[in-house]
Amino acid sequence: MEITRKPLDTKFEEDILLSLIISTEYCLQAKTIIDLKLFTSKVSKLVATWALEYYNTYNIAAYEYIGDIFESHKEELQDTEIFFVQELLHKLDTKYTEIENYNVAYYLDKTEKFFTKQRLKQLTEKINGDLANNKLDKAEHRLTEYKKIDKQGVQGVDLFRDIDKVTQLGLDEDSILFTPPGAFGEMTGDYRRGDFIMLLAKSKFGKSWLLQQHGVWANLLRGLNVLHLSLEMPWKPVKDRYFQQFTGKTSWKYTKPFSIPFFDTDNSIKYCEVLPGELTKETIEKKAKALHMQSRGSKLIVEARPANSFSIDDLKMLLDYYEEYQNTMFDVLVIDYADLMLASNTRLDNRHQLDIIYKSLRGMAQERNILILTASQGNRDSFKKDSGVTNIAEDIRKITHITHGIVFNQTAEEKQLGLYRASPMGERYKHFEENEEVVILYSQHIGKMYLDSRWKKDVILE
């Protein structure tokens with residue numbers, strides 16, 4: 001028997017089917033969008049029908065029982081259809097491992113776009129047929145009957161009657177990606193999908209290290225897929241910095257020990273002497289294998305592009321490429337730095353170009369339902385005094401587009417002590433006090449921009 005093997009008609013259809021099978025939340029919201037008649041293949045329609053019927057009966061996604069459902073219908077299927085379903089089911093377990101951080105909102109957006117495109121294609125074909133037969137009235141009638149797909153529907157909340165809704169407090173817990181550790185995390189709060197976060201510090205402070213630290217937290221603490229986009233350094237030194245942080249070893253050899261700060265039990269700062277080893281090829285290989293297990297199969301990917309040559313459109317294409325060809329959808333995007341991106345309109349002055357870039361990144365965070373982090377440099381005044389919102393270089397309008405702003409300051413004396421201070425600069429979801437500071441211990445010698453943190457009011461500085 002000869003079986004013709006070919007993939008599902010579109011990657012979009014495959015994502016829709018996998019989401020229907022593994023995610024109850026997706027089923028709940030997608031059932032009003034999905035039109036079975038618009039699938040491009042019979043087998044896609046079959047699997048979608050099974051998944052929706054199961055959900056409508058039991059109010060839960062069919063993941064655990066889809067194999068049994070398939071077996072019960074197997075005799076009704078042709079050989080090519082059986083092969084299609086088997087190929088799809090083979091991908092289920094891998095996809096299901098992502099369910100804790102499953103980006104339902106983004107897949108719903110893709111579903112809406114897919115069915116909108118299919119309906120418009122179908123409408124266009126029918127109208128073209130009417131025009132060819134000179135049936136103008138019928139063509140016009142089809143246009144007036146067309147209804148736009150809207151996954152949102154009517155979502156208004158009656159504040160005096162919808163008791164179940166109005167008693168739900170705060171933000172959606174499912175949107176939380178990770179929270180930084182220690183007092184620093186208490187100050188920042190949770191980092192969520194859709195957030196656009198900016199870190200502000202003066203030049204040569206270590207902003208790239210800070211962005212990298214956030215990427216490590218996201219990947220190793222929560223198993224999130226992270227893309228680190230470097231527009232300042234090639235990928236090799238960025239890679240070395242990551243492994244310097246992972247291992248505590250350095251890419252250069254120290255001949256004498258140096259001091260590492262730590263908080264004592266009374267919150268005073270003490271020091272221990274360390275002589276780190278040298279980062280080698282063997283060290284990196286061994287650590288990479290260990291971290292592959294620790295990250296629970298998630299990915300931490302470094303991409304490097306020349307400064308002022310990589311645009312928002314280029315970024316969208318890059319994310320689409322990873323999703324379509326590498327089967328990787330990122331939860332966190334680290335951009336080092338957004339100020340170095342290429343604006344869509346280079347004829348504008350630099351301030352207006354940055355305004356457009358930051359607006360676009362905020363929109364991308366919401367559209368793709370991901371967390372985006374970047375850093376910005378303080379202006380010249382930040383060398384004379386502590387930085388704040390008025391010290392944002394180039395264009396202060398950046399602050400209006402972010403959801404969180406965190407400013408980092410350090411005096412020359414504090415640098416010698418191995419500490420710096422962090423304070424909130426902007427917060428969209430909660431009240432904050434700009435003068436509430438956190439003291440963070442670090443050691444750039446070993447690539448660790450975070451060792452521990454305490455509220456400044458609690459720290460004893462001798």
Side-chain angles (χ1 to χ4, degrees), residues 4-92 95-96 99 102-130 138 141-155 323-324 329:
T4 303
R5 299 191 177 191
K6 61 179 180 178
L8 287 172
D9 290 342
T10 68
K11 179 69 166 60
F12 285 158
E13 288 192 26
E14 183 179 298
D15 286 337
I16 291 169
L17 297 176
L18 291 171
S19 298
L20 279 173
I21 294 170
I22 69 172
S23 174
T24 300
E25 183 184 352
Y26 175 87
C27 290
L28 172 64
Q29 300 186 57
K31 63 181 182 179
T32 59
I33 307 173
I34 291 174
D35 187 341
L36 295 174
K37 300 188 298 294
L38 296 178
F39 281 108
T40 60
S41 66
K42 179 184 174 184
V43 68
S44 297
K45 179 180 176 180
L46 279 172
V47 176
T49 301
W50 298 341
L52 285 171
E53 287 179 349
Y54 187 89
Y55 171 77
N56 289 330
T57 303
Y58 301 104
N59 293 320
I60 192 171
Y63 173 72
E64 293 186 14
Y65 300 98
I66 192 66
D68 296 336
I69 297 171
F70 168 51
E71 290 296 328
S72 67
H73 289 86
K74 205 169 183 179
E75 293 182 359
E76 308 163 13
L77 305 180
Q78 298 178 4
D79 293 329
T80 52
E81 293 171 340
I82 291 173
F83 176 76
F84 284 147
V85 179
Q86 288 173 337
E87 288 289 288
L88 186 70
L89 296 185
H90 286 159
K91 299 179 181 180
L92 273 180
K95 198 73 173 174
Y96 194 72
I99 196 64
Y102 202 64
N103 196 342
V104 172
Y106 182 57
Y107 281 116
L108 286 169
D109 284 337
K110 288 182 64 173
T111 303
E112 181 184 7
K113 290 175 182 177
F114 172 76
F115 284 107
T116 298
K117 184 177 180 180
Q118 292 300 104
R119 291 184 68 187
L120 289 172
K121 275 184 178 180
Q122 189 180 84
L123 178 63
T124 302
E125 290 171 0
K126 291 179 178 179
I127 290 176
N128 285 336
D130 294 334
K138 194 168 184 179
H141 184 64
R142 292 189 194 278
L143 285 173
T144 58
E145 279 195 330
Y146 179 78
K147 294 180 181 179
K148 181 181 176 181
I149 291 177
D150 183 7
K151 75 174 187 299
Q152 303 297 332
V154 176
Q155 290 192 321
E323 185 174 344
E324 184 170 355
M329 190 167 69

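Index from 1, following the sequence.
The shortest heavy-atom contact between F39 and F114 is CD2-CE2, 4.5 Å. Counting all heavy atoms, side chain and backbone alike, I21 lies closest to A61 at O-CB, 3.3 Å. I33 and E112 make their closest contact through CG2-CA, 4.0 Å (heavy atoms, listed as atom of the first residue, atom of the second, distance). Q118 and L38 make their closest contact through NE2-O, 3.1 Å (heavy atoms, listed as atom of the first residue, atom of the second, distance). Closest approach of V85 and F70 over heavy atoms only: CG1-CD1, 3.5 Å.
Counted within 6.0 Å of CD on Q86, heavy atoms from surrounding residues, nucleotides or ligands total more than 12; the atom is thus considered enclosed. Crowding of E75 atom CD: a count of heavy atoms from other residues, nucleotides or ligands under 6.0 Å not exceeding 12. For Y106, the OH atom sits in a packed shell: over 12 heavy atoms of surrounding residues, nucleotides or ligands are nearer than 6.0 Å. Other residues, nucleotides and ligands contribute over 12 non-hydrogen atoms within 6.0 Å of the NZ atom of K110.
Remark: the backbone N or O of V104 is not paired with any side-chain donor or acceptor of E25 at under 3.5 angstrom. Between the side chain of S23 and the backbone N or O of S19, no donor-acceptor pair lies under 3.5 Å.
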Residue pair K91, E14: steps toward the side-chain contact (heavy atoms from CB on, under 4.5 Å) verdict: CA-CA 10 Å; K91 299 179 181 180; E14 183 179 298; 3.0 Å; yes
Practice task
Begin with the C-alpha distance, continue with both residues' side-chain angles, and end with the deciding distance and a verdict on side-chain contact (heavy atoms from CB on, under 4.5 Å) for I16 and Y107.
Solution key: CA-CA 7 Å; I16 291 169; Y107 281 116; over 6 Å; no
